[in-house]
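Comments concern the structure below.
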Amino acid sequence: MPSNLTEPAGRTGPGWWRSAVVYQVYPRSFADGNGDGVGDLRGIRDRLDHLEWLGVDVLWISPVYPSPMADNGYDVSDYHDVDPTYGTLAELDALIAELHERGMKLVMDLVANHTSDEHPWFVDSTMSPESPKRDWYWWREEPNNWGSFFSGPAWTYSEGRAAYYLHLFRKQPDLNWENPEVRQAVYEVMRWWLDRGVDGFRMDVVNLISKDPELPEAPVLPGQRYGNMRGSVIDGPRVHEFLAEMHREVFDRYDRDLLLVGETGETTVEEGRKYTDPARRELDMVLHYEHVEIDHGTFKWDVRPFDLGRLRDRFAAWQEGLADVGWNSLYWDNHDQPRVVSRYGNDGRWRTESAKLLATVLHLQRGTPFVYQGDEIGMTNFPFASIDEFDDVEAVNYYHEAIAAGHDHEDVMRSLRAMSRDNGRTPMQWDASPGAGFTTGKPWLAVNPNHTEINVAAQREDPDSVLSHYRRLIRLRHEDPVVVDGDFSLLAESHPQLFAFRRRHESGQLTVLANFSGTEADLGELVEECRGELVVGSGRGPVMAPWESRVYRR
Ligand code: ISL
């Protein structure tokens, strides 16, 4: 048995998160408790029954800190408070207490690669070259050629400093982690929240915190205006050192069951092993991007058809790569992704079947599953018709940049419709009422018209619904040690339609069979696997129906 798995995963104690399921709430879009059209903490507290009924163990909320909302709260202007849009600090304390009473934990989103340009640290830094916080950000007299993640240059000129500052994201200057004062300030923020009772952090773009201090010019890809800075900022030279220091300065001081998840876009399996190796004491798990970039070309707006072979290959690489050391997170959707049913499944005739299949293949891999609000009812992409319907800074910037560069309007709209982050941000669909049960007011982003059919109320009592399926999978993880600790092996590695794998453990084995297509699939030799108790699905026999999934236990 791998060294980090010598003990079975319990609901508490070392490695407790191995048998846990995390639920992500995007507060703006989850539930509006005061009728102003924007979700809030009151709304989340009113919906805790849903989370408990579903069986989730951990709630992760996207940022609720004071913010000018240039990036819906990921641009933080005060780390020690709650934005009035979402409520008050007292309400957050109440949320923590209510979750704990129900046996659930709260994980906060910690955005520490950058701050808002309205954060007092940055305002101070811009004042003059003598400011106490002059080195808290990256300042240069001459910018390099880097582009930002959200279109445009990564540098902006400041009159006060008569210099340029680096911002990999628009209006969000990058903190200079080379400066020990910056690191200590971040650790202080973390301890402040842990002292308040939160149970851990999801650390936003944490693999960008260490930059190559030379900030070298970056290669310019064909058709691009700015240099691609990824090679100088992703998994940078001191990132592991900084995380180990964070562990010592923060987490080692707490004798509680915490969860440390890093968002590590575009990282590799090799780096993922380092981040999550328990012996290195950095993070518990990372959110990598490899399986959500299957349909990207050179960049995300260059949309490619879904490729099952590529998906299977990337999942298997992470499963195998982190088998003896480290731990995987498992997710399809979050507030930055379009809806997986529309993307890798079928959001028309086979919506229910494909949503269940996607849930099954994800939840039964080895790792900790993350359910993003709405996944559990099979929410779909939004039928965007005009650019005015988009809210997200990334989508809007891209639109203007692409149109200015002479791209065809319809082509740009097609990319946005498929890939925009707003697809994942439309309000949670609780019921069939005009505000979908999300709000009694005018929602900040339009409710998907399909909420009249796809909603929690319609699925809750239906044992065949996507919602009941999620609940069953979560229960299976809590009850069956094979799901948590069994090893993973891919079956039928090159089947054109099937994603099949086996999980093996001393207590038994599970075989997962999934037909990722709208046509019947012949199991061929895999029919040998169809033995034992059918724990998920209903089909039998050597042919799988379109988008059918089955799980056998022996
Ligand atoms: O790397 C990217 C594209 O190749 C970006 O997608 C980037 O990694 C991603 O946007 C990071 O997301 C996180 O930080 C952003 C914020 O807008 C997202 O909502 C958040 O999840 C900046 O804080």
Side-chain angles (χ1 to χ4, degrees), residues 22 24-29 60-65 67-77 79 107-119 122 146-152 154 166-175 186 201-209 211 218 221 224 226-236 239 261-268 271 286-303 329 331 333-338 370 372-373 390-398 401 415 419-425 445:
V22 180
Q24 184 196 351
V25 158
Y26 192 61
R28 237 182 148 65
S29 306
W60 148 30
I61 53 172
S62 283
V64 291
Y65 315 100
S67 162
M69 304 288 169
D71 191 14
N72 287 351
Y74 278 88
D75 48 325
V76 179
S77 55
Y79 291 103
V107 160
M108 296 287 281
D109 215 307
L110 180 87
V111 194
N113 171 69
H114 46 264
T115 66
S116 163
D117 61 359
E118 296 180 30
H119 193 291
F122 183 70
W146 294 2
S148 95
F149 280 112
F150 294 162
S151 307
L166 175 69
H167 53 86
L168 295 179
F169 301 91
R170 188 77 61 98
K171 248 181 90 65
Q172 296 164 80
D174 286 67
L175 282 163
V186 172
F201 301 99
R202 173 267 187 191
M203 299 171 216
D204 192 63
V205 291
V206 78
N207 64 329
L208 303 182
I209 57 177
K211 279 94 180 162
L221 299 176
Q224 298 295 301
Y226 297 101
N228 184 334
M229 70 312 190
R230 287 171 170 75
S232 297
V233 301
I234 291 175
D235 304 322
V239 66
V261 187
E263 186 205 23
T264 55
E266 302 180 47
T267 198
T268 58
E271 290 293 323
V286 291
L287 298 159
H288 70 82
Y289 288 8
E290 291 205 320
H291 62 302
V292 291
E293 294 180 336
I294 300 300
D295 52 357
H296 293 190
T298 328
F299 64 127
K300 82 182 246 183
W301 306 113
D302 173 18
V303 187
S329 67
Y331 74 95
D333 287 344
N334 58 42
H335 63 290
D336 293 336
Q337 299 295 333
F370 286 59
Y372 177 61
Q373 63 185 48
F390 293 93
D391 164 84
D392 180 30
V393 50
E394 185 193 39
V396 173
N397 287 354
Y398 169 68
E401 190 177 76
S415 300
M419 282 299 164
S420 164
R421 309 195 293 182
D422 285 326
N423 284 302
R425 300 177 178 186
L445 189 65

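The residues of the chain are indexed from 1 along the displayed sequence. All values reported here derive from a predicted model rather than from experimental measurement. First listed ligand is number 1; within each ligand, the first listed atom is number 1.
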Tyr226-Trp146 aromatic ring centre distance below 6.0 Å: no
Check: His114 ring centre within less than 6.0 Å of Tyr74 ring centre: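 Ring centroids of His114 and Tyr74 are no less than 6.0 Å from each other.
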According to salt bridge (Lys or Arg N to Asp or Glu O under 4.0 Å), who are the partners of [X], at least two apart in sequence or on a separate chain?
X: Lys300; answer: Glu394
X: Arg202; answer: Asp109, Asp204, Glu263
X: Arg170; answer: none

Within the protein, residues bringing a heavy atom under 4.0 Å of ligand 1, chain by chain: Asp71, Tyr74, His114, Phe149, Phe150, Phe169, Gln172, Arg202, Asp204, Val205, Arg230, Glu263, Glu266, Tyr289, His335, Asp336, Arg421, Arg425
No-hydrogen, no-angle side-chain donor-acceptor test under 3.5 Å, Asn207 and Thr267: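 Looking only at side-chain atoms, Thr267 and Asn207 do not form any donor-acceptor pair under 3.5 Å.
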